[in-house]
Student: 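Structure provided below as structure tokens; questions to follow.
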Amino acid sequence: MKRRVLLAMSGALPALSSVSAVSTALGVAGPAFAAPASAGGWQPVEGQHYEKLATPLPSTGDGRIELVEFFWLGCGHCQAFDPVLEAWHAQRRDVVSLRRIHIAGRAQVVAHQRLFFALQSLGVQDQLRPVVFDLLLGQGKSLNTPQEQATALAGAGIDPRRLMEACQSFSVAAKCQQANQLQERADVNTVPTLMVGGRFKTSPSMAARGARLSEQESGRRALQVVDALLAGPLRA
């Protein structure tokens, strides 16, 4: 399968505000969802601020809408968006499930992809994702090999042997292959990108088109687009 080299790392997005309740999405009854109204009357436009996937993709349905973030641990825009996304999701866990997919690309990105899924297999991805962001982007580590990754993360309490075994395991290789297939099918060529309910995708850079927004504002606007999709098109 062809692996895409990411061409752009999304940049900057208005803040979320008030509410209109939604109790059903994708045909599945669930908890009421409060869809924030857009500041200043702004509404996302299909084809400009978000796109509809040509072919809907299956979600890991658990009764909630699935939001997939495609990202790279070595992307500064992904690092900046991470806490914005976490804060947004913390208020919507009953309605939205969040799945992170680390993309593939050149050799270094593939190495980071294996590290991400290895940490996930060890049950420490959520805790150590910010640590890895800092190692790569704050401290300038390359983390290109399992040995370097294990050494760098030993200080965070990770058993180097277990991490190296996980990085080289069949299960992690399978996770990477599945991620690559989903990246290809969703036609993702920039990060961070969000796929909503397997039917739409948006990103901070896409959501900020036509506006001069900071990186944090761009991230919030992308999530404002997601809220609008949850409250509108995903109900169709």
Side-chain angles (χ1 to χ4, degrees), residues 4 6-22 24-28 30 33-61 64-72 75 77-78 80-82 84-89 91-92 95-101 103 179 182-236:
R4 295 180 179 275
L6 295 212
L7 301 178
M9 303 302 164
S10 294
L13 318 220
L16 308 176
S17 48
S18 65
V19 299
S20 67
V22 176
T24 305
L26 290 179
V28 178
F33 172 73
S38 53
W42 182 85
Q43 292 294 331
V45 176
E46 182 177 347
Q48 180 178 359
H49 304 114
Y50 67 92
E51 297 175 357
K52 188 173 184 177
L53 273 64
T55 303
L57 299 178
S59 296
T60 58
R64 298 178 293 171
I65 303 297
E66 184 182 52
L67 179 66
V68 177
E69 182 201 18
F70 295 90
F71 84 110
W72 170 35
C75 164
H77 300 297
C78 299
F81 184 53
D82 197 74
V84 178
L85 177 58
E86 282 291 304
W88 177 90
H89 185 237
Q91 299 178 357
R92 294 158 176 81
V95 178
V96 178
S97 65
L98 175 60
R99 178 159 63 119
R100 287 183 168 87
I101 294 294
I103 54 83
L182 187 59
Q183 177 189 342
E184 185 76 17
R185 293 178 68 191
D187 193 26
V188 172
N189 53 27
T190 184
V191 292
T193 288
L194 300 172
M195 183 174 69
V196 193
R199 292 173 55 189
F200 300 94
K201 64 181 179 180
T202 188
S203 68
S205 60
M206 188 185 301
R209 286 173 180 167
R212 297 178 62 86
L213 302 176
S214 70
E215 187 149 51
Q216 294 297 313
E217 290 170 334
S218 294
R220 289 193 292 270
R221 179 164 283 189
L223 295 169
Q224 189 175 344
V225 172
V226 175
D227 281 329
L229 291 170
L230 293 173
L234 278 171
R235 301 176 68 193

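Remember, it's a predicted structure, so these values are computed and weren't measured experimentally.
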Student: Kindly give the heavy-atom pair with the smallest separation between Trp88 and Arg92, and that separation in Å.
Tutor: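 Of all heavy-atom pairs spanning Trp88 and Arg92, the closest is O-NH1, 2.9 Å.
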
Student: Knowing that exactly one of Pro204, Ser203, Ser205 qualifies, which makes a side-chain contact (heavy atoms from CB on, under 4.5 Å) with Pro192?
Tutor: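 Going through the options one by one, the only one that passes is Pro204.
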
Student: What residues, two or more places apart in sequence or in another chain, satisfy ring pair (Phe, Tyr, Trp, His ring centres under 6.0 Å) together with Phe70?
Tutor: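 In terms of ring pair (Phe, Tyr, Trp, His ring centres under 6.0 Å), with neighbours along the sequence ignored, Phe70 is linked to no residue.
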
Student: Of all residues at least two apart in sequence or in a different chain, which pass the salt bridge (Lys or Arg N to Asp or Glu O under 4.0 Å) check with Glu86?
Tutor: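 Only Arg100, Arg129 meet the salt bridge (Lys or Arg N to Asp or Glu O under 4.0 Å) criterion with Glu86.
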
Student: Apply the side-chain contact (heavy atoms from CB on, under 4.5 Å) test between Cys78 and each candidate in Leu85, Ile103, Val191; give the one that qualifies.
Tutor: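 Answer to the side-chain contact (heavy atoms from CB on, under 4.5 Å) test with Cys78 among Leu85, Ile103, Val191: Val191.
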
Student: Would Arg99 and Glu66 pass as an ion pair if we require N to O under 4.0 Å?
Tutor: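 Counted as a salt bridge, because a side-chain N and a carboxylate O are separated by less than 4.0 Å.
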
Student: Considering all heavy atoms of both residues, which atom of Lys201 and which atom of Ala186 are nearest to each other, and what is their separation?
Tutor: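 Nearest heavy atoms, Lys201 then Ala186: NZ-O, 2.8 Å.
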
Student: For the CG atom of Leu229 and the CD atom of Glu46, what is their distance to the nearest 0.5 Å?
Tutor: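 Rounded to the nearest 0.5 Å, the CG-CD separation comes to 9.0 Å.
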
Student: Look up atom NE2 in His77 and atom CG in Asp82, then write down how far apart they are to the nearest 0.5 Å.
Tutor: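 Going from the NE2 atom of His77 to the CG atom of Asp82 covers 14.5 Å.
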
Student: Take Arg220 and Gln216 through the side chain to side chain contact (heavy atoms under 4.5 Å, CB included) test and state the conclusion after the steps.
Tutor: CA-CA 6 Å; Arg220 289 193 292 270; Gln216 294 297 313; 3.8 Å; yes

Student: Sequence neighbours left out, what pairs pass ring pair (Phe, Tyr, Trp, His ring centres under 6.0 Å) with at least one residue falling in residues 204-228?
Tutor: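 The answer is none; no pair qualifies.
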
Student: Taking ring pair (Phe, Tyr, Trp, His ring centres under 6.0 Å) as the cut-off, I'd like each qualifying pair that reaches into residues 194-230, sequence neighbours left out, listed once.
Tutor: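 Sorted result for residues 194-230: Tyr50-Phe200.
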
Student: For side chain to side chain contact (heavy atoms under 4.5 Å, CB included), just list the numbers for Leu53 and Arg199, CA-CA rounded to whole Å, side-chain angles, deciding distance to a tenth of an Å, and then say yes or no.
Tutor: CA-CA 5 Å; Leu53 273 64; Arg199 292 173 55 189; 5.8 Å; no

Student: Leu67 versus Met195: any side-chain heavy-atom pair under 4.5 Å?
Tutor: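 A side-chain contact is absent here, since even the closest heavy-atom pair is not under 4.5 Å.
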
Student: Identify the two heavy atoms, one from Val225 and one from Pro44, that lie closest to each other, and give their separation to 0.1 Å.
Tutor: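 Closest pair (atom of Val225, atom of Pro44, distance): CG2-CB, 3.9 Å.
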
Student: Is any side-chain heavy atom of Leu223 closer than 4.5 Å to one of Phe81?
Tutor: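 Sidechains of Leu223 and Phe81: in contact.
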
Student: Between Val96 and His89, is there a side-chain heavy-atom distance shorter than 4.5 Å?
Tutor: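 Yes, side chains in contact.
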
Student: Once rounded to the nearest 0.5 Å, what's the spacing between atom CG of Asp187 and atom OG1 of Thr193?
Tutor: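 Separation between the atoms: 9.5 Å.
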
Student: So does Gly47 get a backbone contact from the side chain of Lys52, meaning a donor-acceptor N/O pair under 3.5 Å?
Tutor: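 Here the side-chain-to-backbone pair does not exist.
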
Student: Can you find a pair of side-chain heavy atoms, one from Val68 and one from Leu194, that are under 4.5 Å apart?
Tutor: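 Not in contact.
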
Student: For Arg209, which residues count as a salt bridge (Lys or Arg N to Asp or Glu O under 4.0 Å) partner, sequence neighbours excluded?
Tutor: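 Scan of Arg209 (salt bridge (Lys or Arg N to Asp or Glu O under 4.0 Å), adjacent residues dropped) gives none.
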
Student: Of all residues at least two apart in sequence or in a different chain, which pass the side chain to side chain contact (heavy atoms under 4.5 Å, CB included) check with Ala211?
Tutor: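 Scan of Ala211 (side chain to side chain contact (heavy atoms under 4.5 Å, CB included), adjacent residues dropped) gives Leu213, Arg221.
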
Student: Please report the shortest heavy-atom distance between Ala207 and Thr202, naming the atom on each side.
Tutor: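 Distance-wise, the nearest heavy atoms are CB-OG1, 4.1 Å.
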
